[in-house]
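Reviewing the structure listed below.
This structure is a prediction, so every number in the text was calculated from the model and none was measured. Chain A is the first sequence line, chain B the second, and so forth, proteins listed ahead of strands; every chain is numbered from 1.
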There are 2 protein chains.
Amino acid sequence: MARENGPQDEDGRQGEAGRQGEGRVPSDPVRDIAAAWERERPGTPVSSIGIVTSIWQLAKLFGDDRRRTLARAGVDTATLDLLSVLRRSGPPYTLSTREIGRRSMITAGAVSQRVARAERENLVSRGPAQGRPRTVEVTLTATGHEVVEATVDQVLHREAELLDGLAPEKQAELTALLRALLADVQHRLGDDRLTHVGED
Amino acid sequence: MARENGPQDEDGRQGEAGRQGEGRVPSDPVRDIAAAWERERPGTPVSSIGIVTSIWQLAKLFGDDRRRTLARAGVDTATLDLLSVLRRSGPPYTLSTREIGRRSMITAGAVSQRVARAERENLVSRGPAQGRPRTVEVTLTATGHEVVEATVDQVLHREAELLDGLAPEKQAELTALLRALLADVQHRLGDDRLTHVGED
DNA sequence: AGGTCTAAATTTAGAGCTAAACGTAGCAGG
DNA sequence: CCTGCTACGTTTAGCTCTAAATTTAGACCT
């Protein structure tokens, strides 16, 4: 209620898809974005929007939901990510900061900060690696181990729940396509970073 | 410290996929994550990982790449997102802050801050809405308009390029699946937010 | 041995975001 | 009328990230 008058469109053109006349398309926000660019700037290269924007929005929804789930348990997503990477690596639950950065796809500075925060709460410990000079090893503590055990299933279960509107075969197809795309993009970007240094 | 011994594989088992004996699978990092959970904690509900983690990593790669592309042009991604939403809405390039938040999927506070930053650089202007009390309207300035025109094609073109390792039919399939998933998750989360208020 | 060089991690500056507290102003009921 | 409610935007506190500057400590060369 509230909003008594201005019902239909302060929003500019919300339903801007305009004329997909027939069936009653139940509003596809991502498609609308591409359509709006076409309408406003004919020739805009919109081909990537259907994939990139959907991925972006899904990541946002999953991420926000995960944050809320974990907040109830008193943990934050960055810390759980760190603990999970260590937990998954198996005994002795130890990795170099470098390796942590690679697996979590974050910069070295971010690793330092995550580890410092987690160390403050006694979830991990830090020390020089034996055989390798200049490298620091991070190890899960007993407390850290407990936190993982207490939260990981919750998070994963919740996410499986969010996916179960999609039929299993569809999920399998999607998994395969995402996997192929991820491998390709990763490869491309890895190369680019090396080749692309000074040009363009 | 003191973790002597273990020289050979600090990385835990990087290639932890272990025995997918035959073909020489070219290392699938996302699959490895699920496999590692299974190995370390049999029974962990890993079914969502293939989709959720891939989406997360792709979003990170696309996002980082976009940030780098825009940095060269002296813009940041949050600002371009704001300007784009306004640009796409068509003349008079004006939206309420509420609507901006909905379209960009960010909180009201984040909208305020984005608008404040953009206003400082004269990319948008802000003022009370005509017919509706209590609402603030944001409008693209000429400068803001120029920034969009100068950068949007670059960004979208770059992203299309990143996708073009995936065959067009595959892209179409992926688009359709993501679209279905997004609609479902969005619907579910919208409901949840209302029903879930005090329980659990 | 002494002076670079270099590879590693850490620290810092600054952008962004969320959640929650706040300010404000129509509006509705007594 | 006055009071409290409600819908809106803004501000603030705190977290997290990136990029760049800084620190640290072997390694290499002569």
Side-chain angles (χ1 to χ4, degrees), chain A residues 1-6 10-11 56 59-72 74-82 95-102 104-121 124 126-138 193, chain B residues 1 10 56 59-61 63-72 74-82 95-102 104-121 124 126-138 193 197:
Chain A
M1 327 344 181
R3 179 164 295 25
E4 62 249 294
N5 71 343
E10 65 117 352
D11 304 358
W56 171 261
K60 175 88 163 102
L61 292 173
F62 287 135
D64 286 355
D65 190 74
R66 178 180 289 202
R67 179 162 24 72
R68 282 190 296 265
T69 299
L70 286 174
R72 276 181 232 142
V75 196
D76 63 84
T77 57
T79 300
L80 184 64
D81 186 48
L82 170 62
L95 292 173
S96 66
T97 58
R98 233 172 167 42
E99 183 58 19
I100 291 169
R102 193 185 65 73
S104 293
M105 304 179 75
I106 56 177
T107 61
V111 175
S112 264
Q113 295 174 72
R114 281 186 178 190
V115 171
R117 285 191 299 268
E119 198 179 31
R120 234 181 282 135
E121 301 183 72
V124 302
R126 194 164 20 176
Q130 203 59 0
R132 272 142 318 152
R134 286 193 298 274
T135 89
V136 172
E137 269 178 354
V138 180
R193 208 74 69 78
Chain B
M1 40 228 88
E10 64 116 354
W56 171 262
K60 176 88 164 100
L61 291 174
D64 286 354
D65 191 73
R66 179 181 289 201
R67 179 160 24 72
R68 283 190 296 266
T69 299
L70 286 174
R72 276 181 232 143
V75 196
D76 62 85
T77 58
T79 299
L80 184 64
D81 186 47
L82 170 62
L95 292 174
S96 66
T97 59
R98 219 160 183 50
E99 184 56 21
I100 291 170
R102 194 185 65 72
S104 292
M105 302 180 77
I106 58 177
T107 61
V111 174
S112 264
Q113 295 173 62
R114 280 187 179 188
V115 171
R117 287 190 298 268
E119 199 179 31
R120 232 181 285 133
E121 300 182 73
V124 302
R126 195 166 17 176
Q130 205 62 359
R132 274 144 319 160
R134 288 192 296 275
T135 92
V136 172
E137 268 177 355
V138 181
R193 209 73 70 79
V197 174

Please round to the nearest 0.5 Å and tell me the distance separating atom CG of B:Leu70 and atom CZ of B:Arg72.
9.5 Å
So, is A:Arg98 near the phosphate of C:dA7, with a side-chain N or O under 4.0 Å from OP1 or OP2?
no
At under 4.0 Å, does any side-chain N or O of A:Thr135 touch on OP1 or OP2 of C:dA8?
no
Could you state the interatomic distance from OG1 (B:Thr77) to CG (B:Asp65), rounded to the nearest 0.5 Å?
12.0 Å
When rounded to the nearest 0.5 angstrom, what is the spacing between NZ in B:Lys60 and CH2 in A:Trp56?
10.0 Å
From D:dG9, C:dA8, D:dA7, nucleotide with atom closest to A:Arg134 side chain:
C:dA8
Flag side-chain contact, heavy atom, 4.5 Å: B:Met105 against A:Leu61
yes
Here the distance between atom C1' of D:dT10 and atom CD of B:Glu137, to the nearest Å, is 18 Å
Between the protein and nucleotides 2-4 of chain D, list every N/O to N/O distance that falls short of 3.5 Å.
none

B:Asp64 side, atom CG; A:Ile106 side, atom CD1 - distance, nearest 0.5 Å:
11.0 Å
At 4.0 Å (heavy atoms only), tell me whether B:Ser112 reaches a base, stays on the sugar-phosphate, or touches nothing.
base
Can you list, pair by pair, the side-chain donor-acceptor contacts under 3.5 Å of residues 111-118 of chain A, counting residues two or more places apart and other chains?
{"residue": "A:Gln113", "atom": "NE2", "partner": "A:Gly109", "partner atom": "O", "Å": "3.3"}
{"residue": "A:Arg114", "atom": "NH1", "partner": "A:Asp81", "partner atom": "OD2", "Å": "2.7"}

From CG of B:Asp65 over to C1' of D:dA19, roughly how many Å is that when rounded to an integer?
16 Å
Annotated protein contacts, base or backbone, on nucleotides 13-19 of chain C with a non-hydrogen cut-off under 4.0 Å, one of B, S, - each:
---SBBS
For the pair made of CZ in A:Arg102 and C1' in C:dA7, what is the distance, rounded to whole Å?
18 Å
Could you tell me how far apart B:Leu70 (CG) and D:dA19 (P) are, to the nearest whole angstrom?
13 Å
Taking every heavy atom of B:Arg126 against every heavy atom of B:Val136, the minimum-distance pair comes out as CG-CG1, 3.3 Å
